Number of protein chains: 2
Amino acid sequence: MQVYQYPSPAEWAALQQRPAAAEAQQVEERVRQIFDDVRRRGDEALRHYAQELDGAQLTELRVTPEEVTAAVALVPAALQTAIRQAHANLWKFHLTQREEPVRVETMPGVMCWRKSVPVQRVGLYIPGGTAPLFSTLLMLGVPARLAGCPEVVLCTPPQKDGSVNPVILFTAQLLGISTIIKAGGAQAVAALAGGTDSVPAVDKIFGPGNRYVTAAKQLAVQRGVAIDLPAGPSEVLVIADKTATPAFVAADLLSQAEHGPDSQVVLLTDSVELLPQVTAEVERQLAELPRREVAALALRESRAVLLRTPEEMLFFSNQYAPEHLILAVRNAEELSEGVTSAGSVFLGHLTPEAAGDYASGTNHTLPTNGYARNYSGVSLDSFLKKITFQRITAEGLQNVGPVVETMAEAEGLRAHARAVTLRLESLLGDA
Amino acid sequence: MQVYQYPSPAEWAALQQRPAAAEAQQVEERVRQIFDDVRRRGDEALRHYAQELDGAQLTELRVTPEEVTAAVALVPAALQTAIRQAHANLWKFHLTQREEPVRVETMPGVMCWRKSVPVQRVGLYIPGGTAPLFSTLLMLGVPARLAGCPEVVLCTPPQKDGSVNPVILFTAQLLGISTIIKAGGAQAVAALAGGTDSVPAVDKIFGPGNRYVTAAKQLAVQRGVAIDLPAGPSEVLVIADKTATPAFVAADLLSQAEHGPDSQVVLLTDSVELLPQVTAEVERQLAELPRREVAALALRESRAVLLRTPEEMLFFSNQYAPEHLILAVRNAEELSEGVTSAGSVFLGHLTPEAAGDYASGTNHTLPTNGYARNYSGVSLDSFLKKITFQRITAEGLQNVGPVVETMAEAEGLRAHARAVTLRLESLLGDA
């Protein structure tokens, strides 16, 4: 980690920089070709890319109920229990995000309300690769189910033998998701955006992925499909004071660093003693990790910054707007009151980010890359639309009508005014 | 209006098409130049475009308190009263969208909650031109204020004499918005996205505009700034049965058509009698409108469709996903239960869309162009981020920790597991 001692606020902006993204133009061009191909050849294109990119020979793209049953038997009982517990916690937390319609009478006879209606067709993309992210499937599937989305389509790449990772299938079954497609990468996103014989087109696409998936989601947006969040590498910022345990802080930093070589890790502390203890612990623990090479690359771009006060650390963090913010300080609850930009916040010494990544109940799909300034993480809301309704009675029209007429005339929109006037006149006729 | 009688469902897709957008490449190129120019020359560029595009010679870009005071005196008392009433109704309705944090103990000792935090810096863009949209300023300003956004910046183009429309300034004062910049078009959006000496950079940009403004908002998104909604021409779909009054339906259709030549207007009815009565009324009322030429252009691309049942009309409407949906039917409340995609819904014969455009309390910034399938309109939420928090006690870690360890190991993320294990071990040591 790069260490900075008491940088002046003028130097902060440089320390808050994210690593620059790689040149994307080539990726975009390739993704555009894949979209065209999937639009033209549909399922045939998906089979082609499964062979070319995943090394899998597929005839059926849809996972069958028999495949699911067989896969479930392969998942160890302890893992099944853990996933069920995480599912229960996520369900419990996201349930509190439900909103009942409240009818408001803004003026006598003018009733307004807002109702949550599920996005009708949603697509969940779960990458394959070495670490199958069944936890992300939980994080997206639970709010999709709670929202009541009538159509939930899961796309995930096949393994070389044409099967799908059993833990993914177990999790899908737990969530009651039965439309599971063996397709990965940009081609999966293209299929979800435009539809094929096997893949229903959807209104909104969720889920993480590599540069191709990210570029494909951007292209989907251009074609009228919504997505969960703009993408970026995962990141954590830890604010630690002298009460923090160096080994815990180091473990939290490393659990972020192991995600990928572009993960970003920032430590802020006001303790001159703690800083070298943490960096030493990071080195020590790093050596024992299976993914130490990945983590070491991420750490090279990461920063440990010594600042003067808790207020300064909070100010720095709000400017940086981290995806994950750990408050490893004595008075975490008090400090948390001042957080204005972060995806998810972890309070105190016994609250590792890993808890929120898997099982505490909060969602782990969060804004990265500074987007915590202007976006929220995935929640029940991400799977809902809030539709407003109104109903006006004769009395209500007499109350609100003249207001509308006056404003519409002032904006030069006579037909708007007339839509009210005609109705008001008819009421006079009735009386 | 083009009339279609009992089209088969296979023909619906064509009837649900929006008018194609004009070629955008030239606009994009020009907007990119403007962004570069504003980044390079800042306020000087804004003064340059004010002269070139608005015909206004400016020295100061910021509206002064004296200008506001002078403008307020010019607004007729009746209009002031109407705007105050609309403000009160909007405030009342949006207030119900506030969410109090709910703390959930997902497992004993695992506390999770979610808090609404305002987007810190928001920019509101209000176009100038012939009809100054002070109503849109209300629609954006009320939720911005309710959310408590600490910095609210208003950009609106100057008139030829260098002043800002007085009704806009009156409304801004009512909303307590004091940072008002005389800048319009893409250059205003560029300034809000990147900041200049006079214009603070913001995190999220709201507001309507022409093709240049739309392209500028898209470019702002690429540069990490959020926006309210993807843009498109305004539209209404009316479902009318035989109980509807033809003159009211016609007035509602025309109040949409007068917005612009690209506005779209759709009438669905299951009444053979009503259809010709409405089209005749449209012709009659059209002739009396000051904006009849605009409205006539919009009507040319608009559709009146005869269908067989309320269910068919609802199904068509949900597929079309209109920005505004008027249910001019006997059993509006019942039919409204089946609405799955719409921006805002108006129930019954005495509820004109104009009420929601101005004063009933609901927001008029809504998803167009079919985006009601996957987006909600502007609400209090648009000015907030929902940040999740968690705090875990020793007991909580003993409950959730093993779940996290099991799942992290199964995903191959050892450092995640270790962040829990180290803490659990320390608890054993303490005991």
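Bear in mind the structure is a predicted one, so any value in this text is a computation, not a measurement. Heavy atoms only: backbone and side chains are in, while hydrogens, waters and symmetry mates are out. Chain A is the first sequence line, chain B the second, and so forth, proteins listed ahead of strands; every chain is numbered from 1.
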### Task
Can you tell which part of A:Trp91 gets under 4.5 Å to a heavy atom of chain B, answering side chain, backbone, both or neither?
neither
### Query
Where do A:Arg414 and B:Glu288 land on the salt bridge (Lys or Arg N to Asp or Glu O under 4.0 Å) test, with the steps shown first?
CA-CA 10 Å; A:Arg414 181 72 59 81; B:Glu288 294 167 14; over 6 Å; no
#### Entry: From CG (B:Asp252) to CG (A:Leu422), nearest 0.5 Å
9.5 Å
### Query
Hey, which of A:Pro150, A:Ala372, A:Pro118 has the most heavy atom pairs under 4.5 Å with chain B?
A:Ala372
### Query
Quick one: do A:Glu333 and B:Arg391 make a salt bridge, cutoff under 4.0 Å?
yes
### Task
Could you tell me which non-hydrogen atom of B:Ile387 sits nearest to which non-hydrogen atom of A:Thr340, and how far apart they are?
CD1-O, 4.0 Å
### For chain A, the option from B:Val102, B:Val117, B:Val104, B:Asp203 that forms the most heavy-atom pairs under 4.5 Å
B:Asp203
### Task
Please report the C-alpha distance between A:Val225 and B:Arg373 in whole Å, then the side-chain angles of each, then the deciding distance to 0.1 Å, and finally whether the side-chain contact (heavy atoms from CB on, under 4.5 Å) criterion is met.
CA-CA 9 Å; A:Val225 181; B:Arg373 276 187 283 268; over 6 Å; no
### Task
Let me know if A:Leu79 has heavy atoms under 4.5 Å from chain B in its side chain, its backbone, both or neither.
both
### Task
Under 4.5 Å heavy-atom distance to chain A, tell me which part of B:Val167 shows up: side chain, backbone, both or neither.
neither
### Query
Is a donor on one side and an acceptor on the other found under 3.5 Å between the side chain of A:Asn374 and the backbone of B:Lys204?
no
### Query
Quick one: of A:Gly377, A:Ala295, A:Gly343, A:Gly412, who has the most non-hydrogen atom pairs under 4.5 Å with chain B?
A:Gly343
### Proximity breakdown for A:Phe248 and chain B, heavy-atom pairs closer than 4.5 Å
both
### Task
Check whether any side-chain heavy atom of A:Gln390 sits under 4.5 Å from a side-chain heavy atom of B:Leu347, and report yes or no.
no
### Summary
Closest non-hydrogen atoms of B:Thr351 and A:Arg423, given as atom of the first, atom of the second and distance, are N-NE, 4.1 Å
### Message
Can you tell me which of A:Gly361, A:Ser336, A:Pro76, A:Ser376 forms the most heavy-atom pairs within a distance under 4.5 Å of chain B?
### Response
A:Ser376
### Query
Is it true that the side chains of B:Ser135 and A:Glu411 contain a donor and an acceptor less than 3.5 Å apart?
yes
#### Entry: Exercise: identify the closest heavy-atom pair between A:Lys385 and B:Ser341
NZ-OG, 2.9 Å
### Message
Using heavy-atom distances under 4.5 Å, tell me whether A:Leu384 contacts chain B through its side chain, its backbone, both, or neither.
### Response
backbone
### Message
Which atoms of B:Asp381 are under 4.5 Å from chain A, going by heavy atoms: the side chain, the backbone, both sets, or neither?
### Response
side chain
### Query
Just wondering, do A:Val400 and B:Asn89 contact through their side chains at under 4.5 Å, heavy atoms?
yes
### Task
Could you tell me which portion of A:Phe383 (side chain, backbone, both or neither) has an atom closer than 4.5 angstrom to a non-hydrogen atom of chain B?
neither
### Task
For the residue pair A:Thr388 and B:Ser344, confirm or rule out a side-chain donor-acceptor distance under 3.5 Å.
yes
#### Entry: Toward chain B, the part of A:Ala88 with a non-hydrogen atom under 4.5 Å
neither
## Note on the structure
Cut-off 4.5 Å, heavy atoms of chain A, and the answer for B:Ile326 is neither
### Message
As a quick check of understanding, evaluate side-chain contact (heavy atoms from CB on, under 4.5 Å) for B:Lys115 and A:Val339, giving each step before the final call.
### Response
CA-CA 10 Å; B:Lys115 198 172 88 171; A:Val339 174; over 6 Å; no
### Task
Measure the shortest side-chain to side-chain distance between B:Arg291 and A:Leu413 over non-hydrogen atoms and say whether it is less than 4.5 angstrom.
yes
### Query
Which atom pair, heavy atoms only, marks the closest approach of B:Val420 to A:Ala354?
CG2-CB, 4.3 Å
### Query
Would you find a donor on one side and an acceptor on the other, under 3.5 Å apart, between the side chain of B:Glu258 and the backbone of A:His416?
yes
### Query
Among B:Gly396, B:Ser255, B:Pro367, which residue forms the greatest number of heavy-atom pairs with chain A at distances under 4.5 Å?
B:Ser255
### Summary
Looking only at B:Pro352, B:Cys112, B:Ala419, most heavy-atom pairs under 4.5 Å shared with chain A are made by B:Pro352
### Query
Out of B:Ala359, B:Ser360, B:Pro230, which one racks up the most heavy-atom pairs below 4.5 Å with chain A?
B:Ser360
### Query
Which value, rounded to the nearest 0.5 Å, describes the distance between B:Thr106 atom OG1 and A:Leu90 atom CG?
8.5 Å
### Query
Could you state the interatomic distance from CG (B:Leu350) to CD (A:Gln398), rounded to the nearest 0.5 Å?
9.5 Å
### Query
Could you walk me through whether B:Phe93 and A:Val110 pass the side-chain contact (heavy atoms from CB on, under 4.5 Å) check?
CA-CA 11 Å; B:Phe93 181 64; A:Val110 180; over 6 Å; no
### Query
Judged by modelled atom types alone, do B:Ser379 and A:Lys386 share a side-chain donor-acceptor pair under 3.5 Å?
no
## Note on the structure
Whatever's closer than 4.5 Å to a heavy atom in chain B on A:His349 counts as backbone
### Message
Minimum heavy-atom separation for B:Ala78 and A:Thr406, please, with both atom names.
### Response
O-CG2, 4.0 Å
### Query
Should A:Asn399 and B:Gln85 count as side-chain neighbours, where that means a heavy-atom distance under 4.5 Å?
no
#### Entry: Leading residue by heavy atom contact count with chain B [cutoff under 4.5 Å; candidates A:Thr362, A:Leu254, A:Thr81, A:Val119]
A:Thr362
### Under 4.5 Å from any heavy atom of chain A - which part of B:Leu289
side chain
### Summary
Applying a strict 4.5 Å limit to non-hydrogen atoms, the region of A:Ile205 in contact with chain B is neither
### Query
Counting heavy-atom pairs under 4.5 Å to chain A, which of B:Ala342, B:Ala417, B:Gly348 comes out on top?
B:Ala342
### Summary
Counting heavy-atom pairs under 4.5 angstrom with chain B, the leader among A:Ile83, A:Leu133, A:Asn165 is A:Leu133
### Summary
Of B:Arg114, B:Lys92, B:Met107, the largest count of non-hydrogen pairs under 4.5 angstrom with chain A goes to B:Arg114
### Task
Identify which part of B:Phe346 has an atom lying under 4.5 Å from any heavy atom of chain A, answering side chain, backbone, both or neither.
both
### Message
If I measure from the heavy atoms of chain B, does A:Glu337 come under 4.5 Å with its side chain, its backbone, both, or neither?
### Response
both
### Task
Write down the atom of A:Ala82, the atom of B:Val403, and the distance for their closest heavy-atom approach.
O-CG1, 3.3 Å
### Summary
With chain B, the option among A:Arg292, A:His259, A:Glu99 that has the most non-hydrogen atom pairs under 4.5 Å is A:His259
### Query
So which part of A:Arg103 gets closer than 4.5 Å to some heavy atom of chain B, the side chain, the backbone, both or neither?
side chain
